[in-house]
Every structure is written in C-alpha cells, then in structure tokens.
**Q** 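What follows is a single structure, and I will ask about it in a moment.
Worth saying up front: this structure is predicted, and the values here are computed from it rather than measured. Here is the naming used below: chain letters follow the sequence lines, and residue numbers restart at 1 for every chain.
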Amino acid sequence: MNPDAGGSSSAPPPPSASQGAGAEEEERGGKQVVVVLVGPPGCGKSTFAEAVVTGSTAGRPWVRVCQDTIGNGKAGTKIQCLKAASDALKEGKSVLIDRCNLEREQRADFVKLGGTLHVDVHAIALDLPAKVCISRAVSRKGHEGNLQGGKAALVVNRMLQKKETPLLTEGFSRIMSCNDDGDIKKAVDLYNALGPSDSLPSGMFGQKSKGPVQVGIMKFLKKGDTSSGPKITLSESKQGQQNPLPKHEKVEAGITCRMEVEKGLDDKKENEEHAKESHSDNVGSRTLAFPSISTADFQFDLDRASDIIVDTAADFLQKFDNVRLVLVDLSEKSRILSLVKQKTSKKRIDSSRFVTFVGDITQLHTKGGLQCSVIANAANWRLKPGGGGVNAAIFNAAGESLQHATKKCADALRPGTSVVVPLPSVSPLHQREGVTHVIHVLGPNMNPMRPDYLKNDYTKGSKILHEAYNSLFENFASIVQSNMGKQSGTEMSASGGTSPKDTKMKREDSHGSERMKKHKLLPPTMTAKQQHECTKANAPNYHEKSTVSSAAPNQAREGDGKKSGVVASKTWGSWAQALYELAMHPDKYKNTDSILETSDEFVVLKDLYPKAKKHVLVISRTDGLDSLADVKKEHLPLLRRMHSAGLKWAQKFLEEDASLVFRLGYHSVPSMRQLHLHIISQDFNSTSLKNKKHWNSFTTPFFRDSVDVIEEIEQHGSATSSSDEKVLAMELRCHRCRSAHPNIPKLKSHISTCKSSFPSHLQQKNRLISLSTTMHMDCT
DNA sequence: GTTCTAGAAC
DNA sequence: GTTCTAGAAC
C-alpha cells in the first residue's frame, strides 16, 4: 500500500506545512514515530496496536505501550507508560501508546515526549460509534484491564463525555480518524507497510463529516464550562480555502461605496440617508453586513444562491423586527447583487430592511457611511486568515486580535454552520468601523479544486447553503437580542439568543436531567370515548378546512370541503375537534370540574394537559372562528371580553398563589380548532410540558400576547404578524434570562431556579400579569 | 447501558 | 393536541 494514499479514499490533500510538521518531516526523511491511540474502551486500541506490532511487513520495529498491562501484566501508571515509551524510542523503536488518551491533557505528555526526543507524534482517533464501543466493552471477556460487563458501559459513557478530538495544534504532526472497521484496517495496513525510513504525510485524515447539528446547541456546548461535561469541537470536517471575491475587483478611490449597483447622486444621497438613519436610530447595532457565501471561489451557481439568499433573508426578516440585512459585494457589476436585488423587489421584501451594497465590507462605516456592528465572513474551514477575498480582507483589517478571538470560539467550521466571534475593542475594525462581532460562515463547495467538493450536487449544496445562511442569521439575532437586553427600553420582537460573550452557560449536573416524578393529570375534559364519539359524529364533515377566511370552516362543515375555489390549506385532524365540540355543546360537559365558567360567548376550561402550574383556556363559542387567521375587526368585542375573562381568572389564581406571573395569548398556528386564549403561569412547572414544541409555543413569537393581537386588529383589521411554525423548532432558551439549554430536562431544571427578570418587552403593555400589575390596575 | 428527540399514527 | 417508539445522543 502506498503510504501517500493517506489510508482513506476520501482523504483531502495534506494541509499546508504551516499547519503540521510536514516540511520539517520531509527534510528529516522519516524516522521513528510515537502513535498515540485515542479512543474509549471497546474501540479496539489494543487490537490495533497488536496488529501493527505483529503484522509489520516493512521491517520497522514497533513497541506497544499498554497501560492496562504495564505493571507486570496488570494496570500501571501513566508515568510507567512514559518511561517505557521513552526507553523504546531511545532504542530506535517506534511506539504505539495503547491507553484511552481521550482528553488533551492525558495525551499531552506523550506529545511532549515526542518533541523532546525529536520524534514525530501521530494521533489515531478510533472514533467508532459510542454504542459500538459500549457493546464491545460490555461483552468482551478476559479484558486485560478487567473492564467489561455492565461497568464498562458506565465507564465508556463517562469517558466519551470528556472526549476532546485531537488537534494538530496540540503538537501532532498527523491525525487520522477511523470511523469504522474498514478505516481501522486501512490504518493498520498503512502502518504495517511503513519501513524504518518511511514517513507518512502530515495533516488530518479520514475525518468524517457529521450530519447536521443544530447550531444553537453546538454553540451551547462550545460555550459551556470547559472544566467538565461534553465538548464538541467544530474540527470534525474538512474544507479548503475560500476566496469569495476576486482580488482584481478593487474599489474606486473617493466614492468607495454605493448603495445598489448604479452610480449617481441619488445613490449617494441614499447612502447618506442610510448613514443618518444609522446614527439617529442606532440601527447599526441591529445591522448585519454579509458577503454572498460560496458564490466566489466555491463556485456555487449564482442564480440558485440568490434564491437562497432572498428566501432565507425573507424568512428571517419576517421573524425578527428591527433588524437590517446588508448584502455586500465589492464590484458594482456584481451579478449576485443584481440577482438578489431583482428577486428582493419581486418578493416585496421591505427594501429598508434588506439592502444590497457595493463596497468593501471592512470599510462600511469610514468609506460607505454605513453602520454595521456585525459583519459576516466567508471563512475557510480552519478559520485561518489568508486565502484572499473577503476572508483575507477581514482578517487583515481586524488585525491579530480577531485570530485570537476566533481561536477562543472554535477550531474549525463545518459547511453550513457559522460561529460568532466577539471582536475585541482593540481591533482596528472595531475602533474604526464599529464592528463588534464577526460571524464566520462556511458554505458548500462546488469547486473541484477545493476540498469537500460536492460534484455539482445542488440538492446537497442548496441545503448546506440554506443552513449556512440560517445559521448566520440566527447567530446575528442572538447578538442583537443580547444587545437589546443591555439597552433598556429597546425591543426586538422575536426570540433569539445571546452571544457567546454574554452568556454564561451553566452546565447542569446529571441530577438536573432527572425526569420529574409523574403525578396524576387533571381530570380529562372529555373521556376518550366521548372524544371518539364526537369525532365519529362529525368526522366526515370536518376533515378539511381552509384557514384563509372565516367562511371556509362553515363551507367545510357543510359539504365535503371541495367547494369551488376553496383550497384547503390546513386540515384539522380528528383529535383537533375537542375544543370545537366543547364550545358548541358545553352543557354536555358541564359536570366535569375542568369547566370553570360558561357564557354565551366563551367557555373557560382547565387545560387538559397544563403546561404550567396554572393553565386555562378561554374558548370562543363562535362557530367558524378557529384561529387568529380568521379574526377580523368584528371580533374585537369578543376578543376583549375573552381577554377580560382571562384576566379575571389570572387574578383569581394570584389570590391563591401570589408568586405566579401570567401571560395571556394565542398560538400563531393552533393545533386545536376553535379560537382559544391561553392563560398560563410563567413557571412552566408541569410534567405535561414535554418537548421543544411545547416550550417554544409559549416562549417564542409563536405565542401572541392578547394585548398585541387586540392592538393589531384595531390598527390593521387582522392579526398580521403571526409567526409561523418554524420557530417551534428553535433552540431552547430560558424565557427569563434567554440562556440556551441542550434539552428539555436541562431547560426545566434551569427554569425551576432562574430568578432573572423577564425580558424588557414582556414587561411592557401589561403583557405580564402579576400581583404588582393587578394592584396597579386596580388603582388606575 | 440510559436519556432524549422527533416523526408517525391517531 | 398525545402516545409510541426508533434511533440518535450521551
């Protein structure tokens, strides 16, 4: 086997000499090597080491140093291992370090030993799926370290949580990842074929690109306490350099930046307008400037890319108010800018909130008169400076502090993801241009000369580009949200995140994830039988429904839902009929203690699956009024009375428990038909709150405060700014302090103790109902 | 190994 | 909306 093959058919070319010891190694012409095996019990380290020691066909002497057996056949110490390795090296042998070495610190001494003795150090990461390692470790017999059976599963688990992927920066000249038995065999063959004076190319090999990972959660893990718990480095993919903009496209001196593509006085005026607005409204702190991702050196099709930019930007702007996006390109002839501009106007996106800009992204303020505190960088996977284009320009303009700050945030980037780097105030880009954050983004590559070439697979490519922009915008929103938190009185009507700098992530201990003890649910509104009967009785007529107008439900009920011109855009499932049935026939259910109040207009019901200590519904009895989409001006009196009824019940609950805080509101897209107002206490202390959708439906813009809905209908005649269901998939954030949490149990554990005050926008317009607000209301 | 999520079915 | 469960994550 040719050692240059790198042991993996998908291996990228070795990285530049500056990354490893490549050039040096070649000069030395190959010599001994220390191979540090990295992997949990059960990954096959010993088998690997034995296979190399006994199977070497090229005459290189190997020694296996195994901590499990080094103490006269029994487990020994790391010091013994170091001594044995050192002795073997001095005898001219190469060494395989057979111990877990999962943490950087655990393997550092072996790397150092290589340095002291001028021997190359390789890492072989045996990255088999955890469950494979566990099942092997559990079922093995006669293990040298006596780690087998049930105990092994625990140990493997604990170890894997602390795993730190080996990095070249630790001092390894070569890192090879084996993700399955095939990879392992290739690696063994490679080392077996290594003669005494052969050397292997340096760099990273065999990294498997992992499937999509939710960026918010990645951020959470990345930002988390570094002393314990799981860590994910972003170094598990490979990408090449990206030169997003051709170097020859220099900006003219004098009038460097222009709004849009055409020159002229009008544009200059427009530029000045923007600059003025920026200063007066502080819009700069809510502006993201970004280059087109992947369309330059990564050769992504411009037409497709412009579609994706416009789509993702439109989605984003719909979700978040008070933010502005600026697509920047150096050339006034930029095709991507004109395509985007064209498509933006077709889509009727607010032109003040999404603009294209010709100019240098590193001089937007000084040369373009544009305030943008956040800029995006079309980064390379290593997050290194250089490579030309935007990446080089930004790293140059920002100075060394950006490199250091970047290093603190991430080691590398996967295509389709981004990472926020707070720009230190010493950076010239910060001081001169007012840039406070740089978001590095990596898009898909369609350039055969670059790594991770997607071979014209635009299905995959488009998906990754979508992910890249979504990730960029989400990270931008997090920064804005965090800034808003600091500036009292300013609002951004969306949930977002906080920047890594501002969020102190607490990592809950395992007890935090303990499931809550189950307790008996409230008596059901309807028995299963009753529900079934109601469904059966009405099902033929109820299955199709248009949410377009209030007339549609009636139509659907009258016939088969296929009346001419009516396109059913939402189907209510049989389970979604319960509230309708109750609203139409409350008498049938009056004996259940779930019904608190009935009037001609509404029914007040304890939620069958309360998502908080107190959670009731005020259900409208108007036939055909199913969701906010159906609500018109004529329904305002009803909405106001529903609100008053809700308020009354909240006050009643406050008399019982003064510590509660309530919100009254509607779901943007309800799951049950028949318009219903939620009155829910903000403790969210309930076993029925089980998943992300539950949480986000009450803590993101998906939850529409009743006061806002009423105001909106008063002003516009309809509830226009309803959020779509996409926000339900957003990362989990505390509704008080906005900290992010990796899963529901951890989130619930956090909110049970979080004492932060509520975000400022909730504290306005009586969106929150507490004892103090009701007392205030009584007085006025 | 257990915990947790997310998609399908209802 | 919930329940169930496969499989991903830990």
**Q** Report the residues that fulfil side chain to side chain contact (heavy atoms under 4.5 Å, CB included) with A:Q682, sequence neighbours left out, ordered by chain and then residue number.
**A**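 Once residues adjacent in sequence are excluded, the partners of A:Q682 under the side chain to side chain contact (heavy atoms under 4.5 Å, CB included) criterion are A:V661, A:R663, A:I680, A:F684, A:H735, A:F758, A:L768.
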
**Q** Using 30° and 60° as the class limits, which term best fits the ring planes of A:F698 and A:F703: parallel, tilted or perpendicular?
**A**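 Because their plane-to-plane angle lies in the 30° to 60° range, the rings of A:F698 and A:F703 count as tilted.
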
**Q** Who are the salt bridge (Lys or Arg N to Asp or Glu O under 4.0 Å) partners of A:D315, not counting sequence neighbours?
**A** A:K726

**Q** Which pairs, protein N/O on one side and nucleotides 8-10 of chain B N/O on the other, fall under 3.5 Å?
**A**
{"from": "B:dC10", "atom 1": "N3", "to": "A:W575", "atom 2": "NE1", "distance (Å)": "3.1"}
{"from": "B:dC10", "atom 1": "N4", "to": "A:W575", "atom 2": "NE1", "distance (Å)": "3.2"}

**Q** Think A:K690 has a side-chain N or O under 4.0 angstrom from the OP1 or OP2 of C:dT3?
**A**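 A:K690 to C:dT3 OP1/OP2: side-chain N or O found under 4.0 Å.
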
**Q** Taking only nitrogen or oxygen atoms into account, show me every contact under 3.5 Å that the protein makes with nucleotides 4-6 of chain C, one pair per line with its distance.
**A**
none

**Q** Indicate yes or no: at least one non-hydrogen side-chain atom of A:P444 is less than 4.5 angstrom from one of A:K460.
**A**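 No, side chains not in contact.
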
**Q** Select base, sugar-phosphate, or nothing to describe what A:H667 touches, counting heavy atoms under 4.0 Å on all strands.
**A** sugar-phosphate

**Q** Just by distance, no angles: are the side chains of A:H750 and A:S752 close enough, under 3.5 Å, to form a donor-acceptor pair?
**A** no

**Q** Hydrogens and angles aside, do A:T312 and A:N470 bring a side-chain donor and acceptor to less than 3.5 Å of each other?
**A**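 Side chains of A:T312 and A:N470: no pair found under 3.5 Å.
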
**Q** In whole angstrom, what separates A:N691's CG from C:dT2's P?
**A**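 A:N691 atom CG is separated from C:dT2 atom P by 8 Å.
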
**Q** List for me each residue that meets side-chain hydrogen bond (donor to acceptor under 3.5 Å, both in side chains) alongside A:E597, sequence neighbours excluded, and say none if there are none.
**A**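 Once residues adjacent in sequence are excluded, the partners of A:E597 under the side-chain hydrogen bond (donor to acceptor under 3.5 Å, both in side chains) criterion are A:K648, A:W649.
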
**Q** For A:Q106, which residues count as a side chain to side chain contact (heavy atoms under 4.5 Å, CB included) partner, sequence neighbours excluded?
**A**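 Residues passing side chain to side chain contact (heavy atoms under 4.5 Å, CB included) with A:Q106: A:R99, A:L102, A:E103.
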
